[in-house]
**Q** 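Here it is: the structure, laid out below.
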Amino acid sequence: MSELVISGLAASIDGKEILKDVSLTVRGGEIHALMGPNGAGKSTLGYALIGHPNYRVRGSIMLDGQELIDKTPEERARAGMFLGFQTPVAVQGVKLSTFLRTAYNQLHPDEKISITEFYNRTKEHLGKVGLDESFLSRSVNDGFSGGERKRFEILQMVMLKPKFVILDEIDSGLDVDALKMVAEEIREYFNENVGFLIITHYQRILKNIEPGFVHVLMDGRVVRNGNKELSLRIEEEGYDWIRVA
Ligand SMILES: Nc1ncnc2c1ncn2[C@@H]1O[C@H](COP(=O)(O)OP(=O)(O)OP(=O)(O)O)[C@@H](O)[C@H]1O
Ligand SMILES: [Mg+2]
């Protein structure tokens with residue numbers, strides 16, 4: 001069974017410490033939600049986990065017994081880490097189909113999947129996230145609408161087959177139908193070998209994908225751990241009651 005153990009993780013950028021001391025364990029077959037006010041450091045945690053070069057980090061990130069803290073983003077991706085970005089960026093001149101195929105080959109060098117099979121899988125899941133085939137020949141995220149970018153993050157997740165998935169506000173910018181499609185893809189992909197960390201501000205995604213664990217990040221620390229009830233209370237009352245507690 002897959003297991004990600006984050007302990008004592010600190011991260012700073014441009015000399016400012018954003019994450020101070022984050023410890024969290026996510027096992028395969030578990031869905032964790034991460035909530036917290038704007039600027040709390042949620043996206044920073046995602047970046048720190050995938051090894052974004054702009055951050056200086058301390059602490060430990062163990063994935064299935066392998067220490068990732070000093071590994072490159074590529075090595076972490078090969079170990080099975082995936083981040084669906086809050087604001088995905090455009091990659092001009094790289095076709096979506098080429099991007100997926102190249103990334104897949106890099107992440108799974110030993111797997112033999114024919115071009116046709118990969119293409120058919122891509123087409124199938126494009127449909128499942130509500131994108132038409134014309135996207136295959138477009139440059140990655142170039143001119144994509146906000147919602148289309150989010151749908152493409154989910155397409156990457158299902159195609160690249162990570163074992164630990166962080167989704168950073170995947171629900172933001174999605175219309176009602178897209179939210180359902182994305183939730184369905186997540187549910188279909190989820191299994192006992194995959195752990196999820198879903199960063200969100202809202203219940204609407206958590207209603208579709210029920211988290212077993214809910215954490216609250218504030219000022220660079222996990223200040224509350226709970227279950228669905230915690231997320232419901234936050235939606236009702238915000239974060240002030242946690243601040244004063
Ligand atoms: N280069 C930088 N210099 C100084 N502070 C920075 C820099 N980059 C990010 N920050 C700060 O780090 C803090 C955490 O940002 P982060 O994006 O992780 O927040 P978040 O919890 O994801 O918020 P949101 O809910 O708005 O997405 C913010 O206060 C942000 O302004
Ligand atoms: Mg964020």
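No hydrogens, no waters, no symmetry mates; every other heavy atom, side chains included, goes into these values. Both ligands and their constituent atoms are indexed starting at 1 by order of listing.
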**Q** Checking only N/O/S atoms, does N38 have one that is under 2.8 Å from the Mg ion (ligand 2)?
**A**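 Within the cut-off used here (under 2.8 Å), N38 places no N, O or S atom near the Mg ion (ligand 2).
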
**Q** Nearest to atom 11 (C) of ligand 1, what protein heavy atom do you find, and at what distance?
**A**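 For this ligand atom, the closest protein heavy atom is I18 CD1, 3.6 Å.
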
**Q** Taking the basic N atoms (NZ, or NE/NH1/NH2) and the acidic carboxylate oxygens, is any pair closer than 4.0 Å for E124 and R121?
**A**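 R121 and E124: not salt-bridged.
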
**Q** Looking only at distances, can you tell me whether any N or O atom of Y55, backbone or side chain, sits closer than 3.5 Å to an N or O atom of ligand 1?
**A**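 N/O-N/O distance under 3.5 Å: no.
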
**Q** Out of K42, M218, K16, whose heavy atom sits nearest atom 21 (O) of ligand 1?
**A** K42

**Q** Any idea which protein heavy atom is nearest atom 16 (P) of ligand 1, and the distance to it?
**A** T44 OG1, 3.6 Å

**Q** Which one holds for D14 and ligand 1: side chain close, backbone close, both close, or neither close, with close meaning a heavy atom under 4.0 Å?
**A** side chain

**Q** So if I count the atoms of ligand 1 from 1 in the order they appear, which ones are less than 4.0 Å from some heavy atom of H201?
**A**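 That gives atoms 25 (O) of ligand 1.
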
**Q** When you measure from atom 7 (C) of ligand 1 to every protein heavy atom, which one gives the shortest distance, and what is it?
**A** I13 CG2, 3.5 Å

**Q** Short check: is a protein heavy atom less than 4.0 Å from atom 31 (O) of ligand 1?
**A**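 No, because not a single protein heavy atom sits under 4.0 Å from atom 31 (O) of ligand 1.
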
**Q** Who gets closest to atom 17 (O) of ligand 1 by heavy atom: A40, S43, S172?
**A**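 Going through A40, S43, S172 one by one, S43 has the nearest heavy atom to atom 17 (O) of ligand 1.
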
**Q** Does a side-chain N-to-carboxylate-O contact under 4.0 Å join K128 and E188?
**A** yes

**Q** Backbone N or O of R27 within a donor-acceptor pair of the E30 side chain at under 3.5 Å?
**A** yes

**Q** Tell me, with the steps shown, if F144 and F135 meet ring pair (Phe, Tyr, Trp, His ring centres under 6.0 Å).
**A** CA-CA 9 Å; F144 287 22; F135 279 88; 5.0 Å; yes

**Q** Contact between G41 and ligand 1, counting heavy atoms under 4.0 Å?
**A** yes

**Q** Could you tell me which atoms of ligand 1, counted from 1 in the order shown, lie closer than 4.0 angstrom to a heavy atom of Q86?
**A**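 Taking each heavy atom of Q86 in turn, ligand 1 has 27 (O) under 4.0 Å.
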
**Q** Assess whether atom CD of E237 is packed by more than 12 heavy atoms of other residues, nucleotides or ligands within 6.0 Å.
**A**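 More than 12 within 6.0 Å, yes.
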
**Q** Does a salt bridge link K163 with D64, judged by any charged N lying under 4.0 Å from a carboxylate O?
**A** yes

**Q** Does the residue P37 have a heavy-atom contact with ligand 1, meaning some pair of atoms that are separated by less than 4.0 Å?
**A** yes

**Q** Taking 4.0 angstrom as the limit and counting only heavy atoms of G39, give me the atoms of ligand 1 inside it, by number and element.
**A** 13 (C), 14 (C), 19 (O), 20 (P), 21 (O), 23 (O), 24 (P), 26 (O), 28 (C), 29 (O)

**Q** Would you compute the distance between atom CD1 of I198 and atom CZ of F213 and round it to the nearest 0.5 angstrom?
**A**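 Between atom CD1 of I198 and atom CZ of F213 there are 13.0 Å.
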
**Q** Kindly say whether L9 contributes a backbone atom to a donor-acceptor pair with the side chain of R58 at under 3.5 angstrom?
**A** no

**Q** Between T44 and the Mg ion (ligand 2), is there a contact where an N/O/S atom of the residue lies under 2.8 Å from the metal?
**A**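 Not a single backbone or side-chain N, O or S atom of T44 is under 2.8 Å from the Mg ion (ligand 2).
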
**Q** Given the ring of Y104, does R101 sit roughly above its face, with NZ or CZ under 6.0 Å from the centre of the six-membered ring and within 45° of the axis?
**A** no

**Q** Is there at least one protein heavy-atom neighbour under 4.0 Å from atom 14 (C) of ligand 1?
**A** yes

**Q** Under 4.0 Å between a side-chain nitrogen and a carboxylate oxygen: does that hold for D219 and R243?
**A**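 Salt bridge: no.
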
**Q** Which atoms of ligand 1 sit under 4.0 Å from any heavy atom of N38?
**A**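 Reading through ligand 1 atom by atom, the close ones are 23 (O), 24 (P), 25 (O), 26 (O).
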
